[in-house]
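Below is one structure, written out as structure tokens; comments come after it.
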Amino acid sequence: MDTAFKVGEIVKSTAGRDKDTYYLVIANESKNKIKVVDGVKRKFNNPKYKNSRHLESTGQIAAEFLRNLKNKKRVRSEDVRLILKDYLSKEEVK
């Protein structure tokens, strides 16, 4: 299922070495190429390109991340790590 991922969306990898890893979408290059970061191995200045067929949407969008992009504030890898950590901690509670 090919879906258009939005910038700031939290996604889960479904294939490859990084299977079951959560990422934050930072750019939607084309229908199939998505730039993602996790803040640990893939930092903001060195994103990973993933095929959209190998990603699964969580339905969550990081509003804080989008706000920082819109206001042209610097986005750090630490910010990405915190966003993903918060999301995963909320998912464990469910």
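Predicted model, so just to flag it, every value in this text is computed and none were measured.
- Note that the CD1 atom of Ile83 and the CZ atom of Arg81 stand 11.5 Å from one another [nearest 0.5 Å].
- For the pair Arg76 and Asp79, the minimum side-chain heavy-atom distance is below 4.5 Å.
- Counting heavy atoms from C-beta on, the side chains of Phe5 and Val11 come closer than 4.5 Å.
- Using a 4.5 Å heavy-atom cutoff, the side chains of Val25 and Lys35 are not in contact.
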When you look at Leu55 and Val36, which way does the side chain to side chain contact (heavy atoms under 4.5 Å, CB included) test go after all the steps? CA-CA 10 Å; Leu55 294 173; Val36 294; 4.2 Å; yes
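- Applying the side chain to side chain contact (heavy atoms under 4.5 Å, CB included) test to Ile61 and every residue at least two apart in sequence or in another chain returns Lys6, Glu9, Leu66.
- For the atom pair Ile34 CD1 and Ser52 OG, the distance stands at 5.5 Å (nearest 0.5 Å).
- In this structure Phe44 satisfies the ring-ring contact (aromatic ring centres under 6.0 Å, His included) test with no other residue, sequence neighbours excluded.
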Could you check Lys43 against Val37 for side chain to side chain contact (heavy atoms under 4.5 Å, CB included), going step by step and ending with a plain yes or no? CA-CA 6 Å; Lys43 301 192 186 228; Val37 294; over 6 Å; no
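- Summarising the geometry, atom CG belonging to Leu84 is positioned 11.5 Å from atom CD belonging to Gln60; distances are rounded to the nearest 0.5 Å.
- Inter-residue side-chain proximity for Val40 and Val80 is flagged as unmet; no heavy-atom pair is nearer than 4.5 Å.
- Closest of all the heavy-atom pairs between Phe65 and Val75 is CE1-CG1, 3.6 Å.
- With a 6.0 Å radius and a threshold of 12 heavy atoms from other residues, nucleotides or ligands, Glu64 has its CD atom at or below the threshold.
- Expressed to the nearest 0.5 Å, how far NZ of Lys12 lies from OH of Tyr22 amounts to 4.0 Å.
- Across all their heavy atoms, Pro47 and Arg42 have their closest contact at O-NH1, 3.5 Å.
- Looking only at side-chain heavy atoms (C-beta outward), Val7 and Ile26 stay at 4.5 Å or farther from each other.
- Note that the OG atom of Ser77 and the CG atom of Asn45 stand 6.0 Å from one another [nearest 0.5 Å].
- Contact between Gly8 and Leu24 at its shortest, heavy atoms only, is O-CD1, 3.3 Å.
- No donor-acceptor distance shorter than 3.5 angstrom exists from the side chain of Asn71 to the backbone of Asn68, with no hydrogens or angles considered.
- Every side chain to side chain donor-acceptor pair (under 3.5 Å) that Asp18 has, sequence neighbours left out, goes to Ser13, Tyr23, Lys50.
- Within the 4.5 Å cutoff, no side-chain heavy atoms of Glu92 are placed close to those of Lys90.
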